Amino acid sequence: MTGDARTELLISCLADRLAGCRHVAVGAASPIPAAAALLARMSSEGRLRVSILGSERHNVFTDGSKELFDCAAQGRIDAFFLGGGQIDGQANLNLVGVGGYPRSPVRWPGSFGSAYLYHLVPRVILFRLEHSPRVLVERVDFISAAGTSPAHHHRPGGPEGLITGKAAFRFDRALGRFTLTHRHPGVALADIVAATGFAFELAAELATTPVPSAATLAMIRGPVAADLVQIYPRFATEILTRPSAPRPDGLT
Amino acid sequence: MTGDARTELLISCLADRLAGCRHVAVGAASPIPAAAALLARMSSEGRLRVSILGSERHNVFTDGSKELFDCAAQGRIDAFFLGGGQIDGQANLNLVGVGGYPRSPVRWPGSFGSAYLYHLVPRVILFRLEHSPRVLVERVDFISAAGTSPAHHHRPGGPEGLITGKAAFRFDRALGRFTLTHRHPGVALADIVAATGFAFELAAELATTPVPSAATLAMIRGPVAADLVQIYPRFATEILTRPSAPRPDGLT
Amino acid sequence: MVEHLPKVADSCAALAARIEDGARLALAPDYSGCAMAVIRALIQRDARDLHLVGVPQLGLQADLLIGAGCVASVEAAAVSLGEQGAAPCFTRAVQSGAIMLKDSTCPVIHAGLQAAEKGVPFLPLRGILGSDLVRHRPDWRVIDNPFAEHDPILLVPAIRADVALFHAARGDAAGNVWIGVRRELMLMAHAATSSLVTVERLAEQDLLADDQIAAGVIPDLYIDALALAPKGAWPVGLRGAYPADQAALAAYAAAAAKPAGFARYLTDWLALPDWPA
Amino acid sequence: MVEHLPKVADSCAALAARIEDGARLALAPDYSGCAMAVIRALIQRDARDLHLVGVPQLGLQADLLIGAGCVASVEAAAVSLGEQGAAPCFTRAVQSGAIMLKDSTCPVIHAGLQAAEKGVPFLPLRGILGSDLVRHRPDWRVIDNPFAEHDPILLVPAIRADVALFHAARGDAAGNVWIGVRRELMLMAHAATSSLVTVERLAEQDLLADDQIAAGVIPDLYIDALALAPKGAWPVGLRGAYPADQAALAAYAAAAAKPAGFARYLTDWLALPDWPA
């Protein structure tokens, strides 16, 4: 798969995860989730509200940067995307660093709002393009946001699943384990197993992530890209609307 | 004293209590305290800030009706005026009712913000025009706001004194008692004692409340009245700027 | 800004129909934004067992609803007609025990709404200790501040209203509502499950399109339905639009001083063929 | 509106002089209002031992101050240069132990500021339990919610900054500051003991005189000093005024990737004869 086709596949795949939502919020510096949210909004005929941090157009908040978090706690946000420098088999996220704390040899910016939104947004979709053993680890070095909580904790939200550049996993909150449900076109199961640092379940029927329809591709390359250009100009113009390279296998 | 002269005396007397303040707030439906605050502001050459609830001109708050209370807790309000249907000898205030609770035979509107501001504003000046045994009682029927608190309670604020239509008292927070310091011109000590339902100390030297100077009267009848007319039109035009009736004793 | 689905309802009656009997209803004080036309519609539809929350106090709206028998309980820092004196129906209902009263104080209401806004069960608040309010509010707690020693502090529970009902100067087709500096209306909207709003006029443009206007706007995200109601706060005032009609308020206060007078007033008010816009 | 005493200071250096060594300094993130010209003046006056609070995260301002050795500690939900990647001086200082780090998460910062705004010692917050942040923040507490059973909840302490420093579009002679929808700047100002502000331009009129404008204004009550600083946020952007200068930010990120590069960048930046307005 070329980069562009994979990007389109991921946008489509993430958008599918928003079915039935009334309101999805997207954090800063998240072009693929933002594109997915806009695609899902177009497919919903405007019923899905999209709030994109960093956007002036797709952001109605008027009460300062606390409003997103208050809004989530009020139950007015149905879905959010989170990633992490490390994600482990219990869906714990690490956005802080690797190799000891606080003087981490590998240090990332910090936890942002993950520790909170992960607990309060009902459908948190984990997304990380890189699918490798250094990202998908058995146990994160630092828990920025915990994948699961004791049953008596107040936790209306949590992880729904994980989508990477290679595959899609569903997360079972009661078991605290991922199940591999989809491999992306052209990715072998053995490749996924080798690239995943944590143990996971295998769905009874391992599906292939459906490639976006021609209509979906047209939406991504047309109105979604046009809408996204204000927030992610490089991404929108260079990736989404660039004339496609010849695709030997029809897609990839 | 005619009503007008007494009003002017009280405005001047309340304004004197604001000396050294940077910011005084005045609640709704308080024309005499509002006039006093504006008079004190004029005397301070603009150093005293006045926030009058219900005024658009003298109110800079832009964060809704909670801002006054937050502002007080931040230590940004030095003085406030409070009254009450009953005030007792321990400076407890009752704004709720008399004769049992909740089905009080005499029921007033409610406690408003008194229970809070009394604890947080350093200099709370109690003001009640009516000086009678039914207002100034030994013990209030309902404590809307407590005059004193145990020493270990967080309480930066509290009562400074009480001014009525007859007299002025200082409040000793440690002793929890009022001391009569001033009688208004023409009011006998015996009259004050008879009209006060609580026991109080007597200052070593009982002073007479100073009558406002000609300059002060000119300020009250001129710029203060002109400023107040937007909030209290009847009070400003009928009381403060009405041509004075002849005053047999020169003032009262 | 992106267009959202329109929310303009057809009438104040339609808004009143969305407020169910038994609902916990947050209302603004007379100095803020009173949706008086919907209050009339609520009485016309004979609403019952409403639980009013004053943000933080209540005025004419509450007195009318109480007098009309629509109210089961009132939680407020005060109920009064301001310069027109006590709220007569409220006073009578308290004295007869016809309503359950949860006496409060302004900052507790604000903190309770902020707790609901933040989705937390409580907020701490300074002051208030020693007030008899604390004795009569078993739903409040006093704890020792866990960050200090021997430092008692009040905790007040979140106030989650089913509906916030208020009036504002402007709305737009998407349901955005301009409230200017009257931010207590925004707090109400954030804290309530649903918000119903009447507006003086509908703006042609998107109220969120211009940052200067947007700073005073409650986004449609929080607004469930909107109705046009010119002079919708009358006889109380609306900042920037019209002052309170003191003559009408005085007439109300005089009439409502006695139950029979209130009944006659209410009959006449409900029968007004047109809202006096 | 009533005129208050004017507060317009003469220069960014005058503002920087009001921030004492050792001060707890609240700063805005790159998407909000960064008083970059005062940051330069702080480095020029060789400020020391500052305790930065990111509201809720930090960007270029923090990286410059840290690189210049002005910073003792950082409390923030994150420090980064956004699209330009990691904040290099921050990363080095964390790894060398040169700064004390209080890792946080956005809503904790907001709640801590709201606690300071309300004058309460703490605020409760949902979520977060199970995060290693809790283990590393001995100043946070977990208690059992006193309003329920078996319901642990996090309490976070008030964040009281000595100074809130930020940049905004407009100010007026009295010191009122228009921030529009960037309300986190208002929260910072309410929560801090003093607030120092630079503005793009000075408005002729009183910003509180018109309700439409006033809705987006921090009143002068909270503002201690104001300085005019056209393009004062550069190279980060200011909503409604100018976007971030991505080329300048990329140049910074490239230079600061190595300590020597940062040192050269800083020397050049401090030596700029004029602010690039």
Side-chain angles (χ1 to χ4, degrees), chain B residues 27-29 53-54 56 59-70 72-73 92-97 99-121 140-157 232-234, chain C residues 28-29 31-32 54-58 76-83 85-87 90-92 94-97 100-101 103-111 113-114 125-136 145 148-153 179-187 239-240:
Chain B
L53 301 190
E56 293 190 15
N59 187 334
V60 301
F61 295 136
T62 57
D63 202 23
S65 45
K66 77 180 180 62
E67 187 173 2
L68 167 72
F69 304 98
D70 291 352
N92 297 307
L93 309 181
N94 176 5
L95 290 85
V96 160
Y101 184 85
R103 295 173 63 172
S104 319
V106 175
R107 170 72 205 196
W108 299 310
S111 302
F112 293 98
S114 62
Y116 180 84
L117 294 172
Y118 210 22
H119 291 240
L120 292 167
V121 176
V140 294
D141 284 51
F142 185 99
I143 301 176
S144 284
T148 59
S149 299
H152 68 288
H153 282 207
H154 173 88
R155 184 163 190 175
Y232 298 110
R234 251 194 81 240
Chain C
Y31 61 72
S32 189
V55 181
Q57 66 213 46
L58 290 166
V79 183
S80 106
L81 298 182
E83 291 181 57
F90 163 75
T91 307
R92 280 192 292 271
V94 167
Q95 290 170 338
S96 71
M100 208 276 272
L101 183 60
D103 258 302
S104 190
T105 174
C106 305
V108 167
I109 302 269
H110 296 133
L113 293 170
Q114 285 187 282
L125 209 52
R126 286 302 191 183
I128 305 169
L129 302 179
S131 167
D132 283 340
L133 294 171
V134 181
R135 289 202 299 123
H136 292 284
N145 171 11
E149 293 201 10
H150 306 303
D151 179 22
I153 189 165
I179 48 127
V181 299
R182 294 263 59 117
R183 298 289 285 206
E184 62 277 359
L185 300 176
M186 184 180 285
L187 177 56
R239 180 172 171 136

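Just so it is clear: chains get the letters A, B, ... in the order the sequence lines come, proteins before strands, and each one is counted from 1. Given the structure is predicted, the values throughout are model-derived calculations rather than measurements.
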Bottom line for C:Gln114: the part with an atom under 4.5 Å from chain B's heavy atoms is side chain

Applying a strict 4.5 Å limit to non-hydrogen atoms, the region of C:Ser104 in contact with chain B is backbone

Q) Just wondering, more than 12 heavy atoms not from C:Glu83 lying within 6.0 Å of its CD? A) no

Of the listed C:Arg182, C:Glu184, C:Arg126, C:His150, the one with the largest count of heavy-atom pairs under 4.5 Å with chain B is C:Arg126

In short, C:Ile128 meets C:Thr105 closest at the heavy-atom pair CD1-CG2, 4.0 Å

Whatever's closer than 4.5 Å to a heavy atom in chain B on C:Leu125 counts as side chain

Pair count under 4.5 Å, heavy atoms only, with chain B: among C:Val79, C:Asp103, C:Thr91, highest is C:Asp103

Heaviest contributor of heavy-atom pairs below 4.5 Å to chain C, chosen from B:Pro105, B:Gly100, B:Gly97, B:Ser149, is B:Pro105

Ranked by heavy-atom pairs below 4.5 Å to chain B, first place among C:Gly180, C:Ala86, C:Ser80, C:Pro152 goes to C:Pro152

Scanning both residues in full, the closest heavy-atom pair of B:Arg103 with C:Gln95 reads NE-O, 3.1 Å

Okay, B:Thr62 and chain C: the region with an atom under 4.5 Å from a heavy atom over there is both

Ranking C:Gly130, C:Gly127, C:Pro107, C:Pro56 by heavy-atom pairs under 4.5 Å to chain B gives rank one to C:Pro107

Scored by heavy-atom pairs under 4.5 Å with chain B, the best of C:Met100, C:Met186, C:Arg183 is C:Arg183

If one checks every heavy atom of C:Gln57 against chain B at 4.5 Å, the contacting part turns out to be side chain

Scored by heavy-atom pairs under 4.5 Å with chain C, the best of B:Ser111, B:Pro150, B:Ala146 is B:Ser111

Quiz item: Is the NZ or CZ atom of C:Arg135 both under 6.0 Å from the centre of the six-membered ring of B:Phe142 and within 45° of that ring's axis?
Solution: no

